Amino acid sequence: MTTVRIPAGWPATEERALAVQDELRGRVVLDEPGPPPGTGRVTGVDVAYDDERDVVVAAAVVLDAATLDVVAEATAVGRVPFPYVPGLLAFREIPAVLAALEALPCAPGLVVCDGYGLAHPRRFGLASHLGVLTGLPTIGVAKNPFVFAYQEPGTSRGSASPLLAGEEEVGRALRTQDGIKPVFVSVGHRVTLETACAHTLHLAPRFRLPETTRHADALCRRALRATDVAGDGH
DNA sequence: GCGACAG
DNA sequence: ATCTTGTCGC
């Protein structure tokens, strides 16, 4: 497990964080289709916290997109760099996620994030931010709706309905399993909403959440527990 | 003004 | 995110 280095100038206040979002928002690329589902590699990233001990652990798990087999993984530990503030989640998670991605022995391909990309109050969620910083294609798959309205999608797997910011479709409520609560998909960087939804369905053949986030979630929790005093002898 | 609000 | 036992179901 590698150690997180917090990037120089990482914002410490909400005001500075908002300014960073304003500055980076224009660098998001929305006109590339993105890699086709089922080919190449797909990487899930997730983060777990122990705020009591000021510890954050991130995991990145690379899957073969065709078989969904795990082909590589990495973790990173560090101190929590920012409090949780709705709309500023990226400032809490990204340093650790970057460290985990850099520790991978291979290229990540498409990155699947826990949370939102475009479906964000300022159109610059975690997935957008991570995409701009890394240049990688990214999408966001969230477990809960944030601030956008949507109609309940049809009851069968594959049904979807738009997440609306007024007239603009900023994401989609997508049913990944029959009769199960939908997930909330949005574009991060260099991927189309169509492609993002296709990837999400491809990655969730059996459970509600994509295999990428299931693996990343399990790994960062396991790694965090291994950090509990007596974990690795320090 | 008050509440809601990704993880 | 995290605090938490058993329990219902495939």
Side-chain angles (χ1 to χ4, degrees), chain A residues 4 11 14 17-18 20-21 24-25 28 44-61 75-100 111-132 138-150 157 162-165 170-174 176-189 193 196-197 200 205-210 212-228:
Chain A
V4 177
E14 296 189 22
L18 291 170
V20 169
Q21 290 186 332
L24 297 183
R25 184 173 35 203
V28 174
V45 293
D46 195 18
V47 175
Y49 300 93
D50 183 340
D51 284 294
E52 292 271 302
R53 294 186 299 129
D54 190 31
V55 172
V56 54
V57 172
V61 180
T75 55
V77 227
R79 295 166 63 88
V80 182
F82 206 87
Y84 172 65
V85 178
L88 300 178
L89 178 65
F91 297 93
R92 183 170 168 81
E93 309 219 326
I94 280 187
V97 169
L98 286 176
V111 178
V112 180
C113 300
D114 252 36
Y116 285 118
L118 244 199
H120 175 275
R122 291 169 295 281
R123 305 294 184 278
F124 196 70
L126 170 63
S128 319
H129 201 147
L130 185 66
V132 165
T138 60
I139 68 173
V141 179
K143 296 181 282 297
N144 298 290
F146 192 2
V147 293
F148 299 104
Y150 69 98
R157 168 176 155 86
L163 284 183
L164 295 175
V170 294
R172 229 166 252 175
L174 175 65
T176 55
Q177 296 297 322
D178 291 352
I180 297 299
K181 177 181 177 175
V183 296
F184 304 89
V185 180
S186 60
V187 158
H189 186 57
L193 184 54
C197 288
T200 302
R206 160 122 211 231
F207 299 105
R208 176 167 90 113
L209 297 179
T212 37
T213 77
R214 286 167 44 78
H215 282 290
D217 180 74
L219 179 55
C220 67
R221 289 193 199 218
R222 195 188 323 142
L224 178 63
R225 280 187 314 173
T227 278
D228 278 339

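Chain naming here is simple, since letters A, B, ... match the order of the sequence lines and numbering starts at 1 in each. Note that the coordinates shown come from a computational prediction; the quantities given were computed from them, not determined experimentally.
Contact check for A/Thr212 versus A/Val61: no side-chain heavy atoms found under the 4.5 Å cut-off.
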Please set out all donor-acceptor pairs under 3.5 angstrom arising from side-chain atoms of residues 85-98 of chain A, sequence neighbours excluded.
| from | atom 1 | to | atom 2 | distance (Å) |
| --- | --- | --- | --- | --- |
| A/Arg92 | NH1 | A/Phe82 | O | 3.0 |
| A/Arg92 | NH2 | A/Asp51 | OD1 | 3.2 |
| A/Arg92 | NH2 | A/Asp51 | OD2 | 3.1 |
| A/Glu93 | OE2 | A/Tyr49 | OH | 3.0 |

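Of all heavy-atom pairs spanning A/Ala119 and A/Phe146, the tightest one is O-CD2, 4.2 Å. Closest approach of A/Arg208 to A/Gln177, counting heavy atoms only: N-CG, 3.8 Å.
In this structure, A/Arg122 places its CZ atom where more than 12 heavy-atom neighbours from other residues, nucleotides or ligands lie under 6.0 Å away.
The only member of A/Val4, A/Val55, A/Val56 that meets side chain to side chain contact (heavy atoms under 4.5 Å, CB included) when paired with A/Val77 is A/Val55. In summary, of the residues considered (A/Asp50, A/Thr75, A/Leu219), a side chain to side chain contact (heavy atoms under 4.5 Å, CB included) with A/Leu224 occurs for A/Asp50 alone.
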Along nucleotides 2-7 of chain B, 5' to 3', which nucleotides get a B, which get an S, and which get a -, given that the test is a protein heavy-atom distance under 4.0 Å?
---SBB
Starting at the 5' end of nucleotides 3-10 of chain C, put B wherever the base has a protein heavy atom under 4.0 Å, S where only the sugar-phosphate does, and a dash everywhere else.
--------
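Summarising the geometry, atom CG belonging to A/Leu193 is positioned 8.0 Å from atom OG belonging to A/Ser186; distances are rounded to the nearest 0.5 Å. With rounding to the nearest 0.5 Å, the separation of CG in A/Leu126 from NE2 in A/His120 is 9.0 Å. Atom CD1 of A/Ile139 sits about 4.0 Å away from atom OG1 of A/Thr200, to the nearest 0.5 Å.
Under the side-chain contact (heavy atoms from CB on, under 4.5 Å) criterion, A/Arg214 pairs with A/Phe207, A/Leu209, A/Glu211, sequence neighbours left out.
Helical stems in DNA chain B, defined as runs of 3 or more consecutive Watson-Crick or G-U wobble pairs with both donor-acceptor distances under 3.5 Å, are not found.
Heavy atoms of A/Arg206 sit nowhere under 4.0 angstrom from any nucleic acid atom.
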Could you spell out the base pairing of DNA chain C in dot-bracket, with Watson-Crick or G-U pairs whose two distances are under 3.5 Å, [ ] crossing and | to another strand?
..........
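In this structure, A/Phe184 has its ring center under 6.0 Å from that of A/Tyr150.
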